[in-house]
Amino acid sequence: MSSPFVPVQARSSILNLPGKYNEWRPSIKLHKYVYCYWLSTIRSSQNSLSPISISGRKEMIAPDGCIDMVFQIGKDRATLHGMIVGTLDRSLYVDLAYERLHTFGIRFYPGGLQAFLREPADLFTNQILDLSEIWKELQTELTGHLQTAASMEHFILLTDRSLLSRLNDSPTGDDLFQSALVHIWQAQGILTVKELARRECISERQLRRIFYERTGVSTKTFTRIMRFQSVLGMLNRMEGSKLTAAALQTGYYDQAHFIHEFQSICGLLPSEYIKSLN
């Protein structure tokens with residue numbers, strides 16, 4: 001069964017650069033754990049390769065509760081450098097001033113990575129880590145697929161098969177965790193931990209432990225991220241600056257609370273974010 005959750009990212013000036021972005025859905029058996037495979041090809045006039053950084057004015061990666069594996073594809077598909085981008089509880093700013101950047105990614109649903117790699121998600125939270133140090137076998141296998149694939153579409157098919165071959169039995173307590181996710185998504189994050197624990201017939205402490213292991217953040221932080229996702233989606237669609245309406249529709253008591261919460265996660269005021277869309 002596929003998830004009702006659709007991750008939202010910041011609308012970005014990167015979309016105006018020469019290039020393209022595509023997504024592919026995984027095979028049906030992976031729908032519960034993998035949101036998509038994605039490929040971004042960007043070309044700009046820059047001549048240098050800049051390292052990932054959170055300083056300066058750069059492209060924003062918004063918290064969405066997901067973990068991504070991101071691969072930089074080398075020239076002529078000869079090399080593949082993989083990274084794990086852990087769950088974020090605040091926006092991350094990434095330097096994308098590349099002359100020619102081909103990036104492939106696997107976006108896992110919240111808790112989805114643990115169906116393949118039994119490492120607690122909180123090991124990766126707010127970090128970008130070298131995949132070869134965590135899952136060298138997969139890094140090596142996907143590099144081989146890249147070098148032998150007839151096309152990028154063929155490479156994505158081979159990647160899907162690699163994940164299928166590594167799909168383990170459902171992680172312990174997966175039914176409870178998936179049920180909690182659905183409740184949070186249906187409420188768009190406007191749900192207390194106490195109420196969620198009551199619905200799942202589990203203690204708040206146990207629920208917190210499960211969410212740390214599966215999503216990398218506490219239950220309260222995860223619901224906060226999901227509310228931010230709802231806000232971000234609304235602002236992406238919004239015409240003008242109707243912030244009071246956005247605040248009320250996403251469950252905030254007043255505009256001041258809404259602005260403070262958005263800025264603490266995004267690093268921008270809602271009005272600044274809306275202005276950046278134009």
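Taking CG from Leu191 and NE2 from His183, the interatomic distance works out to 8.5 Å, rounded to the nearest 0.5 Å. The distance from the CD atom of Gln127 to the CG atom of Leu88 is 10.5 Å, given to the nearest 0.5 Å. The CG atom of Leu207 lies 5.0 Å from the CG atom of Leu196; values are rounded to the nearest 0.5 Å. With rounding to the nearest 0.5 Å, the separation of CD1 in Ile265 from CG in Leu268 is 12.5 Å. For the atom pair Phe71 CZ and Gln139 CD, the distance stands at 6.0 Å (nearest 0.5 Å). A distance of 5.0 Å separates CD1 of Ile210 from CG of Leu176, quoted to the nearest 0.5 Å.
One hydrophobic cluster, built from ILVMFWY side chains closer than 4.5 Å, cannot hold both Leu142 and Leu158; they sit in different ones. Under the 4.5 Å side-chain heavy-atom criterion for grouping Ile, Leu, Val, Met, Phe, Trp and Tyr, Ile190 is not connected to Leu232 through any hydrophobic cluster. Under the 4.5 Å side-chain heavy-atom criterion for Ile, Leu, Val, Met, Phe, Trp and Tyr, Ile106 and Leu157 are members of distinct hydrophobic clusters. Residues Trp38 and Val85 are members of one and the same hydrophobic cluster, defined by side-chain heavy-atom contacts under 4.5 angstrom among Ile, Leu, Val, Met, Phe, Trp and Tyr. Hydrophobic cluster membership is shared by Ile73 and Leu131, with clusters built from Ile, Leu, Val, Met, Phe, Trp and Tyr side chains linked at under 4.5 angstrom.
Listed for the Asp68 side chain is no donor-acceptor partner under 3.5 Å among the backbone atoms of Val70. Looking only at distances, a side-chain donor or acceptor of Asn126 sits under 3.5 Å from a matching main-chain atom of Asp89. The backbone N or O of Ala150 sits less than 3.5 Å from a side-chain atom of His154, completing a donor-acceptor pair. The backbone N or O of Leu80 lies less than 3.5 Å from no partner atom in the side chain of Gln72, so there is not a single donor-acceptor pair. A distance-only check finds a donor-acceptor pair linking the side chain of Arg25 to the backbone of Tyr35 [under 3.5 Å]. Side chain of Thr125 to backbone of Gly216: a donor-acceptor contact under 3.5 angstrom is found. The main-chain N or O of Ala78 is found under 3.5 Å from a side-chain atom of Gln147 such that the two form a donor-acceptor pair.
Using a 4.5 Å heavy-atom cutoff, the side chains of Ser40 and Tyr21 are in contact. Within the 4.5 Å cutoff, no side-chain heavy atoms of Val217 are placed close to those of Asp122. In this structure, Phe258 and Asp254 have side chains that are not in contact, with every pair of non-hydrogen atoms separated by 4.5 Å or more. At a threshold of 4.5 Å between non-hydrogen side-chain atoms, the residues Phe222 and Ile184 count as touching. Residues Asp130 and Glu133 meet the side-chain proximity criterion, which asks for heavy atoms closer than 4.5 Å.
Summarising the geometry of Gln114 relative to Pro120, their closest heavy-atom pair is NE2-C, 4.1 Å, with the distance given to 0.1 Å. When all heavy atoms are compared, the tightest approach of Ile84 to Ile67 is CG2-CG2, 3.9 Å. Of all non-hydrogen atoms in Asp64 and Cys66, the two that sit nearest each other are OD1-N, 2.9 Å. Scanning all heavy atoms of the two residues, the minimum distance from Thr215 to Thr87 falls at O-OG1, 2.6 Å. Scanning both residues, Pro270 and Ile259, for their nearest heavy atoms gives CD-CG2, 3.9 Å. The heavy-atom pair separating Arg107 from Glu23 by the smallest distance is NH1-OE2, 4.1 Å.
Shown here is His257, whose NE2 atom has more than 12 heavy atoms of other residues, nucleotides or ligands within 6.0 Å. Remark: Asn168 CG is packed, more than 12 non-hydrogen atoms of other residues, nucleotides or ligands lying under 6.0 Å away.
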Show your working on salt bridge (charged side-chain N to carboxylate O under 4.0 Å, His left out) between Glu213 and Arg209 and close with a plain yes or no. CA-CA 6 Å; Glu213 290 179 355; Arg209 177 183 57 78; 3.6 Å; yes

With side-chain contact (heavy atoms from CB on, under 4.5 Å) as the test, would you mind laying out the steps for Met69 and Leu138 before giving the verdict? CA-CA 11 Å; Met69 286 185 185; Leu138 182 67; 3.8 Å; yes

Before giving the answer on side-chain contact (heavy atoms from CB on, under 4.5 Å), spell out for Trp185 and Met226 the whole-Å C-alpha distance, their side-chain angles and the decisive distance to 0.1 Å. CA-CA 7 Å; Trp185 290 330; Met226 291 303 104; 3.2 Å; yes

Can Phe124 and Ile134 be said to form a side-chain contact (heavy atoms from CB on, under 4.5 Å), step by step? CA-CA 10 Å; Phe124 314 128; Ile134 298 162; 3.8 Å; yes

Could you walk me through whether Tyr37 and Trp24 satisfy the ring pair (Phe, Tyr, Trp, His ring centres under 6.0 Å) test, starting with their C-alpha distance in whole Å, then the side-chain angles of each, then the deciding distance to 0.1 Å, before giving a yes or no? CA-CA 5 Å; Tyr37 305 110; Trp24 292 262; 8.3 Å; no

Evaluation steps, side-chain contact (heavy atoms from CB on, under 4.5 Å), between Met152 and Arg77: CA-CA 10 Å; Met152 285 307 300; Arg77 304 210 313 247; 3.6 Å; yes

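In the model, Ser27 has a side-chain atom that pairs as donor or acceptor with a side-chain atom of Asp160 under 3.5 Å. Side-chain contact of Glu200 with Ser179: a donor-acceptor pair under 3.5 Å is present, judged by distance alone. Residues Tyr273 and Asn236 have side chains that bring a donor and an acceptor to within less than 3.5 angstrom of each other. Side-chain contact annotation: Ser165 with Ser162, donor-acceptor N/O pair under 3.5 Å absent. Thr192 and Glu195 are not linked by any side-chain donor-acceptor pair at a separation below 3.5 angstrom, with hydrogens and angles left out of the test.
Ring geometry, Tyr33 versus Phe116: the interplanar angle exceeds 60°, so the pair is classed perpendicular (tilted spans 30 to 60°). Using cut-offs of 30° and 60° for the angle between ring planes, the Phe155 and Phe104 rings count as perpendicular.
By the side chain to side chain donor-acceptor pair (under 3.5 Å) test, Ser264 pairs with Arg224, sequence neighbours left out.
Relative to the ring axis of Tyr252, Arg227 places its NZ or CZ within 45° and under 6.0 Å from the centre.
Salt bridge status for Arg166 with Glu141: present, with a side-chain N to carboxylate O gap under 4.0 Å.
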